[in-house]
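So the structure is just underneath, and the comments pick up after that.
Each residue takes its place number in the sequence, starting with 1. Predicted model, so just to flag it, every value in this text is computed and none were measured.
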Amino acid sequence: EAGATQVTLPALFEWYREDFGSTDGEMLRWVSKYLPPAKERALLLAVEADRFVIKWMAFDWTLNKKHRPAPPMPTGVPGPRRA
């Protein structure tokens, strides 16, 4: 749509959209809270004017395949109690 603000979000927002609001506008209001002030204002204005288009980023499934070793256990922390 010409003149509309394009918002690009991770696909997870599309998959779990009801966790972020029942409408696209509610979801974008939720997202706006985590933006720098100028971008937050611009997004909220676009939502109020109903002048936005959402594009979904493909999920990178290879992230699930990357192995990271578990962090070391902290020292000085008592272990489980034994009876």
Side-chain angles (χ1 to χ4, degrees):
E1 182 176 327
T5 299
Q6 181 175 310
V7 182
T8 304
L9 295 173
L12 291 171
F13 279 91
E14 183 178 25
W15 300 338
Y16 298 101
R17 74 180 323 128
E18 58 275 351
D19 293 343
F20 304 102
S22 60
T23 66
D24 288 345
E26 287 180 6
M27 179 177 53
L28 294 178
R29 283 184 193 93
W30 187 91
V31 168
S32 74
K33 297 183 290 186
Y34 300 95
L35 296 175
K39 289 188 177 190
E40 177 186 19
R41 282 189 300 277
L43 181 56
L44 291 175
L45 287 171
V47 169
E48 291 305 316
D50 197 26
R51 304 278 298 157
F52 60 86
V53 175
I54 299 174
K55 301 288 184 183
W56 304 107
M57 292 187 321
F59 187 75
D60 183 359
W61 291 100
T62 62
L63 295 174
N64 292 344
K65 295 180 182 179
K66 293 185 180 180
H67 174 71
R68 287 187 230 151
M73 291 296 292
T75 58
V77 176
R81 296 181 131 200
R82 298 180 192 252

Without placing hydrogens or testing angles, list every side-chain donor-acceptor pair under 3.5 Å for residues 27-38, not counting sequence neighbours.
unit_1 : atom_1 : unit_2 : atom_2 : d
R29    : NH1    : G25    : O      : 3.4
R29    : NH2    : E48    : OE2    : 3.1
S32    : OG     : R29    : O      : 2.7

Identify every side-chain donor-acceptor pair in residues 39-46 under 3.5 Å, counting partners at least two apart or on other chains, and give the distances.
none

Just list the side-chain donor-acceptor pairs under 3.5 Å for residues 53-60, sequence neighbours left out, or say none.
unit_1 : atom_1 : unit_2 : atom_2 : d
D60    : OD1    : T62    : N      : 3.1
D60    : OD1    : T62    : OG1    : 2.4
D60    : OD2    : T62    : OG1    : 3.3

- Item | Pairwise distance CH2(W15) to CZ(R17) - rounded to 0.5 angstrom | 13.5 Å

